[in-house]
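For clarity, every value in this text was computed on a predicted model and none was experimentally measured. Labels below follow one simple rule: chain letters A, B, ... track the order of the sequence lines, proteins then strands, and each chain is numbered from 1.
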Protein chains: 2
Amino acid sequence: MSQENKAPAPEPSSQAKRALLEQFARVAKALAHPNRLELLEFLAQGERTVESLARAAGLSVANASQHLQQLKQAGLVASRRAGQHVRYRLADDDVVALLAALREVARRHLAEVDRIVEAYLAARDTLEPVPASDLLERIRRGEVTVLDVRPPEEYAAGHLPGAVNIPLEELERRLGELPRDREVVAYCRGPYCVLAWEAAGRLRERGIPARRLEGGLPEWRLAGLPVEVEKEGAGQG
Amino acid sequence: MSQENKAPAPEPSSQAKRALLEQFARVAKALAHPNRLELLEFLAQGERTVESLARAAGLSVANASQHLQQLKQAGLVASRRAGQHVRYRLADDDVVALLAALREVARRHLAEVDRIVEAYLAARDTLEPVPASDLLERIRRGEVTVLDVRPPEEYAAGHLPGAVNIPLEELERRLGELPRDREVVAYCRGPYCVLAWEAAGRLRERGIPARRLEGGLPEWRLAGLPVEVEKEGAGQG
DNA sequence: GCGACATTCAAGCAATCGATTGAACAAATG
DNA sequence: CATTTGTTCAATCGATTGCTTGAATGTCGC
């Protein structure tokens, strides 16, 4: 109808453009399911087997395997066989950066995110988190106790320098392990990982000054800050 | 079977976690289609009407409108009514950052991307692009001619300081507008926008020293570098 | 208010996706 | 070599997505 007096060809719209957009969409598609995002969050803590990931995410093994393969085909994760197990890991730290960008856009432009944080997370801990840039210096001065509330498997794969590992469910029982005269900074998997919010809240209820780290271990590592890894052969899996 | 000697509950797996992952997936889902990625690339150049976007992307208006609404619900774009038209724009520069992270992961981990660039884009221009950080200084010293090969509509919405606007299809005809004694740096919409690759290649075929800018206008703007905007009321549709 | 235009809505259909199930494959163990 | 354990494959089904078509809504110029 009106094509004649408009630009004749819409755009060069080259084959290349289309092909590239399809590749970018392929990556985005891999991110476009909550189960896969959760798997990526676990993988950002360190290498894990399919079974371990399935259990952690509450998925059947077959289902987890399929999701992992989609992630793999999108270049987001890599895998290697280790004996009977296949161990998956993030392809690269740039995946952590991509996830951070995704969360940031969601946080800033979806009111729903604020609502959820307010309703569920802020109920446990309303204090502002500690920026990673501040924390390293305070660790070196011995001013803080760093508390890693993730499961031991994830702690073993890498944690903040000098961090104490007390999974959330053992926190009350093992309060004695925390020095009383220093502030506690708790962290877990990422900025929205509920474990750290909950831990900080529970500690302060008991009179222990505690705050969350801003972000989790993957973000710390992405920022180039130092990470401690347990010795190999610690019988972790 | 083996549930008894493993962790009893897979994870806290709180309602909040699930709800947040669904929000993040919502954003990723909006990115997970090549047509929407293309619309975002156009929108990253500046505000545009539905009809203009549909034409540029080669979509029906109804189809473009639907995609734009998905982008809007994911918080990636915003819209306002301007007379008869509805004008869409990126919600924020953090969307440009997200797109950059997405492209970066695809480029580094999908061999297909390299293959496409080699086959289609590198055929036009094999030289390394000019980093944005270098270019600004050279612009100020008057050492380069900056060439914007996008359509006038996009140029008008914002362009590099002092850039000359010659759309690709007019390039041969308007070669005389380019000073002969300075290097030309061409740019268009982004790092994979074929216009700049093509322009640099054609200019060098004619003996004019020319290279591409690394990235396009949106990336330049995201880096906080200065952008010139045409005066309002320039009759730009 | 009435037409003209721009955009959105709603219905329908093909194609794709996600989860389940059971079988197939691979590596270690006896 | 047979068994066990861990992972992937293949088939299936319901749900969602993407595009088209035609109608409805909203805004401008008269």
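Residues B:Y88 and B:V50 have side chains in contact (heavy-atom distance under 4.5 Å, counting atoms from C-beta outward).
Whole-Å rounding puts the B:E22 CD to C:dG18 P distance at 13 Å. Rounded to an integer number of Å, the gap from B:E38 CD to D:dG18 P is 15 Å. Look at CD on B:E51: it is 17 Å from P on C:dA4, rounded to the nearest Å. Between the CG atom of A:L71 and the P atom of D:dT8 there is a distance of 12 Å, rounded to whole Å. As rounded to whole Å, 11 Å separates atom C1' of C:dT7 from atom NZ of B:K72. Following rounding to the nearest Å, B:R26 (CZ) and D:dT16 (C1') show an atom-to-atom distance of 16 Å. One atom, CG of B:L53, and another, C1' of C:dA6, lie 13 Å apart when rounded to the nearest Å. Atom-to-atom, CD of B:Q70 to C1' of D:dG18 comes out at 8 Å; the value is rounded to the nearest Å.
Closest to the B:H67 side chain, of the nucleotides D:dG6, C:dT8, D:dG18, is D:dG18. You'll find that the side chain of B:Y88 is closest to C:dT8, out of C:dG18, C:dT8, C:dT7.
The existence of a salt bridge linking A:D125 and A:R212 is confirmed by a sub-4.0 Å separation between a basic side-chain nitrogen and an acidic carboxylate oxygen. A salt bridge does not link B:E118 with B:R115: every distance from a Lys NZ or Arg NE/NH1/NH2 to an Asp or Glu carboxylate oxygen is 4.0 Å or more. With respect to A:E112 and B:R26, no salt bridge is recorded, no charged nitrogen being found less than 4.0 Å from a carboxylate O. With respect to B:R108 and A:D94, a salt bridge is recorded, a charged nitrogen being found less than 4.0 Å from a carboxylate O.
In this structure, B:W197 and B:R124 approach most closely via the heavy-atom pair O-CB, 3.7 Å. Across every non-hydrogen atom of B:E228 and B:G162, the tightest pair is OE2-N, 3.1 Å. The minimum heavy-atom distance linking B:P191 with B:R103 is given by the pair CG-NE, 3.8 Å. Of all heavy-atom pairs spanning B:R174 and B:N165, the tightest one is NH2-O, 3.4 Å.
The side chain of A:N63 contributes no N or O atom lying less than 4.0 Å from OP1 or OP2 of D:dT8. Residue B:R87 places no side-chain N or O under 4.0 Å from the OP1 or OP2 atom of C:dT7. Taking only side-chain nitrogens and oxygens, A:H85 never comes nearer than 4.0 Å to OP1 or OP2 of C:dA28.
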### Summary
A correct 5'-to-3' footprint of nucleotides 9-15 of chain C, with B, S and - meaning base, sugar-phosphate only and no protein heavy atom under 4.0 Å, is BB-----
### Task
Report, as a single string ordered 5' to 3', how protein heavy atoms within less than 4.0 Å touch nucleotides 23-30 of chain D: B base, S sugar-phosphate only, - not at all.
---SBS--
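Partner A:Q70 forms a side-chain hydrogen bond (donor to acceptor under 3.5 Å, both in side chains) with one of A:H33, A:R36, A:K29 and no other, that one being A:R36.
Recorded end-axis angle for the helix from C:dG1-D:dC30 to C:dG30-D:dC1 stands at 30°, based on five pairs per end and rounded to 10 degrees.
Side-chain N or O atoms of A:E219 include one that pairs as donor or acceptor with a backbone N or O of A:G216 at under 3.5 Å. Listed for the B:Q69 side chain is a donor-acceptor partner under 3.5 Å among the backbone atoms of B:S65.
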